[in-house]
Amino acid sequence: MAIKSVKYGLKSYNISYEFVNAKCEKSILFLHGWGANKQIMKKAFEKGFVGYKHIYVDMPGFGLSDIFTPLHTSDYAKIVKRFLKELGCDPEIIVGHSFGGKVATLIAPRNLVLLSSAGIVVKKSFIVRLKIFLFKILKFFGFGKFYRFFATKDVSGMSRTMYETLKNVVDEDFSSKFKSLKSKTMIFWGENDKATPLKSGEYMHSFISNSSFHPLAGDHFFFLLHSDFISKQVQKELEITTNLKQKQDICEGIESV
């Protein structure tokens with residue numbers, strides 16, 4: 001494990017990260033979901049993506065990385081970009097799970113892997129909407145300190161800063177961002193995912209022009225069961241794309257002669 005200091009705004013964020021296969025030339029970055037850290041991604045993919053340098057990172061406020069004030073998804077993307085610049089690294093692939101998928105989408109790498117990504121807004125239940133309404137009333141009258149009574153399990157035990165960050169990012173509609181995305185995108189999804197329903201993945205696939213879609217057995221953390229398949233499928237699709245590009249270049253070369 002290592003720490004890299006990243007300047008953003010008026011603050012310097014200490015970002016915790018770890019390499020696997022550090023001597024490999026091509027690299028792949030893994031971004032975890034909300035409430036997790038780099039270890040869950042490492043547990044899933046450490047033995048996969050052979051031939052790539054793996055970069056596992058704790059995003060701000062998670063694991064061992066700093067957070068000072070509430071952030072938006074765009075802030076996370078900018079901090080991760082600066083982190084990569086500090087490392088002198090331009091990943092061939094970025095893998096993002098859940099919230100990490102939104103961050104990865106904003107970074108817009110050449111090749112993007114989305115694992116049950118957030119970004120499609122799902123209508124909240126009546127109980128959740130009622131809790132939000134009541135909290136807003138209390139906050140208006142100066143009782144925002146009671147936020148823990150209204151917080152979801154996603155922020156259980158977390159600070160007020162993280163709760164405010166969650167409120168900033170949880171209801172962002174990324175539909176237009178998916179529609180304008182130019183990255184080659186491989187989407188994998190848990191068929192029984194309750195946090196980000198399968199229908200959300202189908203919408204993403206329809207929105208992203210250059211994408212493939214792979215529903216797999218499991219819940220929101222389905223990738224822990226299918227990491228080997230995901231690794232091999234991604235490399236297979238990239239190999240096919242590379243071969244097609246090479247054939248196209250050859251044909252264009254012949255036509256110009």
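This chain uses plain numbering: 1 for the first residue, then up along the sequence.
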Would you confirm whether [X], through its side chain, and [Y], through its main-chain N or O, come within 3.5 Å as a donor-acceptor pair?
X      : Y      : result
Ser65  : Ser16  : yes
Thr73  : Val103 : no
Lys102 : Val170 : no
His226 : Ala217 : yes

Worksheet item: How would you list, by chain and number, every residue that makes a ring-ring contact (aromatic ring centres under 6.0 Å, His included) with Tyr203, sequence neighbours excluded?
Response: none

Discussion item. Once ring-ring contact (aromatic ring centres under 6.0 Å, His included) is applied, do any residues pair with Tyr56, and if so which ones, sequence neighbours excluded?
Written reply: Phe30, His54

Any side-chain heavy atom of [X] within less than 4.5 Å of one from [Y]?
X      : Y      : value
Leu181 : Phe207 : no
Ile120 : Phe178 : yes
Lys177 : Leu106 : yes
Phe68  : Thr161 : no
Lys184 : Arg110 : no
Met162 : Ile67  : yes

Residue list, side-chain contact (heavy atoms from CB on, under 4.5 Å) with [X], at least two apart or on another chain:
X      : answer
Asn168 : Pro70, His72
Lys4   : Val6, Tyr17, Phe83, Glu86, Leu87
Lys78  : Tyr8
Ser231 : Phe49, Gln235

Discussion item. Going by side-chain hydrogen bond (donor to acceptor under 3.5 Å, both in side chains), name the residues that satisfy it together with Gln233, two or more places apart in sequence or in a different chain.
Written reply: Glu237

Worksheet entry | Partners meeting side-chain hydrogen bond (donor to acceptor under 3.5 Å, both in side chains) with Ser211 (sequence neighbours left out) | His205

Practice prompt. Under the side-chain contact (heavy atoms from CB on, under 4.5 Å) rule, what do Ile94 and Val113 come out as? Steps first, then yes or no, please.
Written response: CA-CA 6 Å; Ile94 297 183; Val113 178; over 6 Å; no

Item to complete: Using the salt bridge (charged side-chain N to carboxylate O under 4.0 Å, His left out) rule, collect all pairs that involve residues 205-234, keeping only residues at least two apart or in two chains.
Response: Asp228-Lys232

Item to complete: With sequence neighbours excluded, give me every salt bridge (charged side-chain N to carboxylate O under 4.0 Å, His left out) pair touching residues 57-66.
Response: Lys38-Asp58

Discussion item. For Leu71 and Ile79: C-alpha separation, side-chain torsions, deciding distance, then whether side-chain contact (heavy atoms from CB on, under 4.5 Å) applies.
Written reply: CA-CA 10 Å; Leu71 299 174; Ile79 291 170; 4.1 Å; yes

Rounded to the nearest 0.5 Å, how far apart are [atom1] of [X] and [atom2] of [Y]?
X      : Y      : atom1 : atom2 : answer
Leu84  : Asp90  : CG    : CG    : 8.0 Å
Met1   : Gln39  : CE    : CD    : 9.5 Å
Met186 : Ile93  : CE    : CD1   : 6.5 Å
Ile187 : Ile208 : CD1   : CD1   : 4.5 Å

Worksheet item: Under the side-chain contact (heavy atoms from CB on, under 4.5 Å) criterion, do Ile15 and Val57 qualify, and how do the steps go?
Response: CA-CA 7 Å; Ile15 303 298; Val57 60; 3.4 Å; yes

What are the two closest heavy atoms between [X] and [Y], and how far apart are they?
X      : Y      : value
Ser116 : Thr196 : O-OG1, 3.3 Å
Cys89  : Pro91  : O-CD, 3.7 Å
Gly101 : Leu114 : O-CD2, 3.6 Å
Ala108 : Ser183 : C-OG, 3.5 Å
Ala104 : Leu112 : CB-CD1, 3.5 Å
Ser5   : Asn14  : CB-OD1, 3.8 Å

Fill in: Phe62/His32 aromatic ring centres below 6.0 Å
yes

Worksheet item: Can you pull the ring pair (Phe, Tyr, Trp, His ring centres under 6.0 Å) pairs that have at least one residue in residues 88-118, sequence neighbours excluded?
Response: Trp34-Phe99, Tyr76-Phe99, His97-His220, His97-Phe221, His97-Phe223

Are [Y] and [X] co-members of a hydrophobic cluster defined by side-chain heavy atoms under 4.5 Å apart?
X      : Y      : result
Ile40  : Ile230 : yes
Phe229 : Leu198 : no
Leu225 : Phe188 : no
Ile28  : Leu224 : yes
Val80  : Val169 : yes

Worksheet item: Can you check side-chain contact (heavy atoms from CB on, under 4.5 Å) on Val95 and Leu29, steps first, answer last?
Response: CA-CA 6 Å; Val95 180; Leu29 173 68; over 6 Å; no

Can you give the donor-acceptor pairs under 3.5 Å from side chains of residues 18-27 to other protein atoms, not counting sequence neighbours?
from  : atom 1 : to    : atom 2 : distance (Å)
Glu18 : OE2    : Lys42 : NZ     : 2.3
Asn21 : ND2    : Tyr52 : O      : 3.2

Discussion item. Check the orientation of Trp189 and Phe213. Use parallel for under 30°, tilted for 30 to 60°, and perpendicular for over 60°.
Written reply: tilted

Discussion item. Between Lys167 and Glu164, does any NZ, NE, NH1 or NH2 come within less than 4.0 Å of an OD or OE carboxylate oxygen?
Written reply: yes

Worksheet item: NZ of Lys7: more than 12 outside heavy atoms within 6.0 angstrom?
Response: yes

